[in-house]
Peer 1: 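For reference, the structure I am asking about is given below.
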Amino acid sequence: GPWTLLQVRFQTHDASVYPSLRFALEVVRRLATLCEGVVADPLAARYRLPEQVFHAEPLDPRVDARDHIATHRFGAEVHTLGMQKFLLEELNLPDVPEASTETAEAFLSLACQKALLGDLIRPGDRLGAPAAPFETVRGVDQGRWEGVPVLDLLPPKGMTVQDALRAWLESAR
């Protein structure tokens, strides 16, 4: 068990204040280093060592969504955890084949990155490749999410999630 438990949290925030997000992570990273501890993020459901708090190559110099939001596989679904810290809906991709997990995680991370930079994701939005966009709809399995707001990302009719992810990967090149 832990010898010392420190909890750091914002009472309120403005998502456009990126330096404060960086500062909070710097504080917890430094505390974990000094205490020889780990950084626990219950809303993202992950534990990290101090040297794992920041990504070496950030997606954007202002904020990197991967520092705040985690992607997880749960059965056949790949979803985010941590968007609720910013009062945003979590994202869920259903029916993801095991072989497409890495691509699904990258897709969700980039979608979260756009949201943290102000391009919010709402029901009815289309994300991904223009030829095969995912449509966002309110999460179907609310019982599983226990009140956490979630958006399911559904592939176009007649396509699988794997097909839409492949189209996104090709369009990103």
Side-chain angles (χ1 to χ4, degrees), residues 15 21 25 29 38-173:
L21 296 172
L25 287 182
R29 185 191 59 77
V38 297
V39 176
D41 186 342
L43 293 178
R46 67 179 171 189
Y47 292 88
R48 296 178 287 176
L49 295 172
E51 61 271 12
Q52 297 170 325
V53 170
F54 294 106
H55 282 76
E57 296 181 26
L59 295 172
D60 187 282
R62 294 169 288 180
V63 66
D64 188 333
R66 300 169 302 172
D67 295 339
H68 303 277
I69 295 150
T71 55
H72 297 277
R73 183 169 189 90
F74 181 80
E77 299 175 343
V78 177
H79 62 266
T80 64
L81 285 176
M83 292 289 281
Q84 58 191 311
K85 289 186 245 182
F86 303 98
L87 303 176
L88 299 171
E89 292 94 344
E90 299 295 348
L91 302 176
N92 183 55
L93 274 171
D95 303 319
V96 178
E98 188 77 35
S100 296
T101 300
E102 191 173 314
T103 304
E105 289 176 340
F107 177 75
L108 291 175
S109 292
L110 290 177
C112 292
Q113 179 71 23
K114 287 179 60 174
L116 288 186
L117 292 175
D119 190 4
L120 301 180
I121 302 167
R122 301 287 183 223
D125 286 353
R126 297 189 184 282
L127 307 174
F134 288 95
E135 182 178 354
T136 58
V137 298
R138 291 262 177 237
V140 177
D141 190 358
Q142 290 300 319
R144 176 172 126 17
W145 285 93
E146 299 177 1
V148 173
V150 63
L151 293 173
D152 286 338
L153 281 67
L154 304 178
K157 299 277 189 224
M159 292 187 83
T160 65
V161 169
Q162 188 172 20
D163 294 337
L165 285 171
R166 191 176 304 116
W168 168 72
L169 207 52
E170 290 298 319
S171 73
R173 291 183 183 174

Peer 1: Just how far is it from atom NZ of Lys85 to atom CG of Leu21, taken to the nearest 0.5 Å?
Peer 2: 9.0 Å

Peer 1: Does the pair Phe54 and Leu25 meet the rule for a side chain to side chain contact (heavy atoms under 4.5 Å, CB included), with working shown?
Peer 2: CA-CA 8 Å; Phe54 294 106; Leu25 287 182; 3.5 Å; yes

Peer 1: Checking Arg73 side chain against Val96 main chain: does a donor-acceptor pair fall under 3.5 Å?
Peer 2: yes

Peer 1: Decide if atom CD of Glu102 counts as having more than 12 heavy atoms of other residues, nucleotides or ligands within a radius under 6.0 Å.
Peer 2: no

Peer 1: Could you check Arg122 against Thr136 for side chain to side chain contact (heavy atoms under 4.5 Å, CB included), going step by step and ending with a plain yes or no?
Peer 2: CA-CA 7 Å; Arg122 301 287 183 223; Thr136 58; 5.8 Å; no

Peer 1: Ring-plane angle category for Trp168 and Phe107, please: parallel below 30°, perpendicular beyond 60°, tilted otherwise.
Peer 2: perpendicular

Peer 1: So which heavy atom on Leu153 is nearest to which on Pro94, and how close?
Peer 2: O-CD, 3.4 Å

Peer 1: With a 4.5 Å limit on heavy-atom distance, are the side chains of Leu59 and Arg66 in contact?
Peer 2: yes

Peer 1: Working to the nearest 0.5 Å, report the span between CZ of Phe86 and CG of Leu116.
Peer 2: 5.0 Å

Peer 1: Side chains of Leu151 and Pro123: does their closest heavy-atom pair fall under 4.5 Å?
Peer 2: yes

Peer 1: Compare every heavy atom of Leu120 with every heavy atom of Ala115, then report the nearest pair and how far apart it is.
Peer 2: O-CD2, 3.6 Å

Peer 1: Work out which heavy atom in Asp64 is nearest to a heavy atom in His55; give both atom names and the distance.
Peer 2: OD2-CB, 3.7 Å

Peer 1: Would you say Arg48's side chain and Val53's backbone share a donor-acceptor pair under 3.5 angstrom?
Peer 2: yes

Peer 1: Looking only at heavy atoms, which two atoms of Ile121 and Ala111 are closest? And how far apart?
Peer 2: CD1-O, 3.6 Å

Peer 1: Working to the nearest 0.5 angstrom, can you tell me the gap between Tyr47 OH and Gln52 CD?
Peer 2: 14.0 Å

Peer 1: At what distance, to the nearest 0.5 angstrom, does CG of Asp67 lie from CZ of Arg29?
Peer 2: 11.5 Å

Peer 1: Working to the nearest 0.5 angstrom, can you tell me the gap between Leu127 CG and Leu154 CG?
Peer 2: 11.0 Å

Peer 1: Looking at every heavy atom in both Ser109 and Ala65, which two are closest together, and how far apart are they?
Peer 2: O-CB, 4.1 Å

Peer 1: Quick one: which of His72, Glu90, Glu89 gives a side chain to side chain donor-acceptor pair (under 3.5 Å) with Thr80?
Peer 2: Glu90

Peer 1: Roughly how far, to the nearest 0.5 Å, is the CZ atom of Phe74 from the CG atom of Asn92?
Peer 2: 10.0 Å

Peer 1: Kindly give the heavy-atom pair with the smallest separation between Glu98 and Thr101, and that separation in Å.
Peer 2: O-OG1, 2.9 Å

